[in-house]
Protein chains: 2
Amino acid sequence: MELTTFNALAEPSRFRIVDILLKGPMTVGDIAERLEIRQPQASKHLKVLLDAGLVEVKAEANRRNYMLRSEPFMELDSWLNNYREIWNERFDNLDEYLKKLQSEGNKPD
Amino acid sequence: MELTTFNALAEPSRFRIVDILLKGPMTVGDIAERLEIRQPQASKHLKVLLDAGLVEVKAEANRRNYMLRSEPFMELDSWLNNYREIWNERFDNLDEYLKKLQSEGNKPD
DNA sequence: TTTAAATATTCCTTTACAGGAATATTCCCT
DNA sequence: AGGGAATATTCCTGTAAAGGAATATTTAAA
């Protein structure tokens, strides 16, 4: 799992950019306008997202269309797999706890 | 989706703490030793994780046992749902592209 | 080839935050 | 009550990064 992914998403504007790009590719100016931030800031944030691999860009004449890449999200999903067992954990723990209690039944306290 | 979750996970030591806690609850001192960081830093990072709701703590005499909470991970998983369609996107896009081509067949260029 | 639009880059300032060292706090034990 | 272990907190310093303003760059069009 790439730490840069979390790093990129931790910043509010960048998080919103990713959210907006979910609806489709968008231009720098449109993104800036949508987020009510200035164009240079938008460019900077997009650069961070680009370096983190969260977005890709397709130059088209004057404009640059930014769009989401799927890989980081798949990677995030894959990383989450390790943690999915947590939300079954309580049952597992209860199970193990009962077994442990049983096996320790003859142990001197 | 809580930005604090990304923020908490963006820091290398905290990411490692979460990774380590996956194997089970652990004490502050053990975490510090395991990560080869100093105890105060461990406490500070754990405080951030605690405030972000990523971990919970159970005081036990002198020691404090930190363990993962499932909620933020479930929330992350739920957030990811919005993005899962991205990795089917290419097919959708191809589909739409073909339809568009067809509907534009009689358009003057 | 000049002009204008869209975007990127640079420089500056300010703020947030991580680490180090020292200290406070809490709890158990005798 | 006093001492020691485990943990939290505070203060300080350095650094990374975000925002603002100005400017550079690229491209299309006249």
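Order of the sequence lines fixes the chain letters, A, B, ..., with proteins taken first and strands second; residue numbering starts at 1 for each chain.
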Distance in angstrom units between B/Gln41 CD and D/dG14 C1', rounded: 14 Å
Interatomic distance where CG belongs to A/Asn65 and P belongs to C/dA8 [whole Å]: 11 Å
Phosphate-side-chain proximity, B/Thr27 and D/dT7, N/O vs OP1/OP2 below 4.0 Å: yes
side-chain N/O B/His45 vs C/dG19 OP1/OP2, d < 4.0 Å: yes
For atom NZ of A/Lys44 and atom C1' of C/dA6, their distance in whole Å: 17 Å
Distance in angstrom units between A/Leu3 CG and D/dA16 C1', rounded: 16 Å
From C/dA8, D/dT9, D/dA18, nucleotide with atom closest to A/Glu11 side chain: D/dA18
Under-4.0 Å side-chain N/O to phosphate OP1/OP2 contact, B/Arg38 with C/dG20: yes
B/Phe15 vs A/Trp79, ring pair (Phe, Tyr, Trp, His ring centres under 6.0 Å): CA-CA, chis, key distance, verdict: CA-CA 12 Å; B/Phe15 182 82; A/Trp79 176 78; 5.7 Å; yes
Residue A/Asn62, side-chain heavy atoms: nucleotide from C/dA21, C/dA5, D/dT9 that is nearest: C/dA5
Nearest-angstrom distance from the residue atom CG of A/Leu46 to P of D/dG19: 12 Å
A/Arg14 backbone acceptor or donor facing A/Glu11 side chain under 3.5 Å: yes
Atom pair distance, as rounded to whole Å: NZ in A/Lys58 and P in D/dT27: 16 Å
Parallel, tilted or perpendicular, as decided by the 30° and 60° cut-offs, for the rings of A/Phe6 and B/Phe6: tilted
CD (A/Glu75) with more than 12 external heavy atoms under 6.0 Å: yes
Whole-Å distance separating the CD1 atom of A/Ile17 from the C1' atom of D/dA18: 13 Å
Interatomic distance where CG belongs to A/Asp30 and C1' belongs to C/dA6 [whole Å]: 11 Å
First of B/Arg14 and A/Lys47 reached from the 5' end of DNA chain C, by closest nucleotide: A/Lys47
Phosphate-side-chain proximity, A/Arg63 and C/dA6, N/O vs OP1/OP2 below 4.0 Å: yes
Any A/Tyr66 side-chain nitrogen or oxygen under 4.0 Å from OP1 or OP2 of C/dA6: no
5'-most by nearest nucleotide on DNA chain D - A/Ala61 or A/Gln39: A/Gln39
Salt bridge present between A/Asp77 and A/Arg84 (N-O < 4.0 angstrom): yes
B/Pro40, nearest nucleotide to its side chain (from D/dA5, D/dA8, D/dA22): D/dA8
